[in-house]
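Everything on this sheet refers to the single structure shown next.
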Amino acid sequence: MPELAEVEYFRKQWSPGIGQKVTRVLTHPKARIFRDASAGEIERCLEGQSFLESFAHGKKMCFRFSSKVWLGLHLGMAGKLQTATPEIVPDRHDHLAILLPSVALVFSDYRMFGKVQIHQGNSAPFWWNNLPPQPQEAEFTRQRFREILKRRSRRPLKALLLEQADFPGIGNWMADEILWRARVHPTARPQDLSNHYRNRIFDSLKEVCDDAFRVIAPDWGDPPDSWLFNHRWKRSGQCPRSGKALDWITVGGRTTCYSPAIQKLP
DNA sequence: CCCCATGTTCGACA
DNA sequence: GTGTCGAACATGGG
């Protein structure tokens, strides 16, 4: 489920716990989300520590606790962060519950593609170090975008936009939305595009990030029908710009929705 | 029973 | 090295 702005939405869901001390940690020891850190280690590191602050980067999140404890979370395909009362009895999909005096911080993930990492130390762990600029930031410049396209000149644009090392946070619906707004065919390669279309993709990338943060991050608002988003899920969906039929193809192993009427191969 | 799903990773192969 | 492809992970919904 979660891409850039959804991840930011979920990160904030735990903020009511900031400043409180962990009284207890409930885990399901066999949950796949703990494959990089044992449930016991997570409990041992977190119990008794204060929740200080949190960050999101792309699809990853980092929650910092006292005594230099770093908790890394990735929501995978179906993960969610919620709060509950401290008396929570976790159901079968609540794999991690961090109990604080007035609130419980809960990570549920019925498909278990998510990931939990734990670290204790003065400096950031490897998984929260040397993070690349995010597309919504000013540091992600047109110059940087041009360099990525040059370096990955033969990669289909749809597959390239999904590369987390270059476009942290962009997922399937955002990549389709970006190319649809730029009127670029999802299988087009950077080397085939004119500078005009390369610039259009950069502008769309920034615009889709801004729109997603504005509409989704605050309270999970519904995107307007002027986006591709609301039409891409329906069979026989129609392109809101041309009124023509949408089509679905597989690019980079992912289902890709596009509008053949306005997204032509160069 | 079938197919699909807003994600990542790994191995095989051209 | 680059790029592609399929499978795997696990569960639920249509």
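Lettering of chains follows the sequences in order, A, B, ..., and the numbering in each one begins at 1.
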What is the nucleic acid contact for A:Trp233, judged by heavy atoms within less than 4.0 Å: base, sugar-phosphate only, or nothing?
base
I want to verify a distance call: between B:dG7, C:dG12, C:dA10, whose nearest atom is closest to the A:His93 side chain?
C:dG12
Expressed as a whole number of angstroms, how long is the span from A:Glu3:CD to B:dA5:C1'?
12 Å
Nucleotide nearest A:Arg154 (side chain, heavy atoms from C-beta), chosen from B:dT8, C:dG3, C:dA10:
C:dG3
Tell me the interatomic distance from A:Gln164, atom CD, to B:dT8, atom P, rounded to whole angstroms.
4 Å
Using the rule for Phe, Tyr, His and the six-membered ring of Trp, do A:Tyr110 and C:dG12 stack at under 5.5 Å and under 30°?
no
When the distance from CG of A:Leu162 to P of C:dT4 is rounded to whole Å, what number comes out?
12 Å
Whole-Å distance separating the CD atom of A:Glu6 from the C1' atom of B:dG7:
13 Å
Say we look at B:dT8 and C:dG1: how far apart would their P atoms be, to the nearest angstrom?
22 Å
Per A:Met77 side chain, nearest of listed nucleotides B:dA5, C:dT4, B:dT8:
B:dA5
Taking any heavy-atom pair under 4.0 Å as a contact, classify A:Gly253: base, sugar-phosphate, or nothing.
nothing
Under the 5.5 Å and 30° test, is A:Phe113 stacked on the base of B:dT8?
no
Going from CD on A:Glu207 to CD1 on A:Ile178, what distance comes out if it is rounded to the nearest 0.5 angstrom?
10.0 Å
If we call it a pair only when both distances are under 3.5 Å in a Watson-Crick or G-U wobble match, what pairs with C:dA7?
B:dT9
Base, sugar-phosphate, or nothing for A:Arg35, non-hydrogen atoms under 4.0 angstrom?
nothing
Out of C:dT11, B:dT9, C:dG3, which has the shortest distance to the side chain of A:Arg152?
C:dG3
Aromatic contact between A:His95 and A:Phe34, with the criterion being ring centroids under 6.0 Å apart: yes or no?
no
Under 4.0 Å: is that the gap between some side-chain N or O of A:Lys59 and OP1 or OP2 of B:dT8?
yes
Would you classify A:Arg92 as touching base, sugar-phosphate or nothing, given that sugar-phosphate means primed atoms plus P, OP1 and OP2, and contacts are heavy atoms under 4.0 Å?
sugar-phosphate
Which nucleotide, C:dG3, B:dT9, C:dT11, lies nearest any side-chain atom of A:Arg155?
C:dG3
Establish, yes or no, whether the cationic atom of A:Arg241 lies under 6.0 Å from the six-membered ring centre of A:Trp180 and within 45° of the ring axis.
yes
Value in whole Å for how far the P atom of B:dG7 lies from CE of A:Met174
11 Å
Under 3.5 Å, is there a donor-acceptor pair between the A:Trp220 and A:Gln13 side chains?
no
If I take atom CE in residue A:Met112 and atom P in nucleotide B:dT9, what distance separates them, rounded to the nearest angstrom?
18 Å
Using the side-chain heavy atoms of A:Thr255, tell me which of these nucleotides is nearest: B:dT8, C:dG3, B:dC4.
B:dC4
On a whole-Å scale, what distance lies between the C1' atoms belonging to C:dT4 and B:dA5?
22 Å
OP1 or OP2 of B:dC4 sitting under 4.0 Å from any side-chain N/O of A:Arg232?
no
Quickly work out the A:Leu73 CG to B:dT8 P distance and round it to whole Å.
15 Å
Please check if the side chain of A:Glu137 supplies one atom and the backbone of A:Gln134 the other of a donor-acceptor pair under 3.5 Å.
yes
To the nearest angstrom, the CZ-C1' distance between A:Arg32 and B:dT9 comes to 9 Å
Under 3.5 Å, side chain of A:Ser54 to main-chain N/O of A:Phe63, donor-acceptor pair present?
no
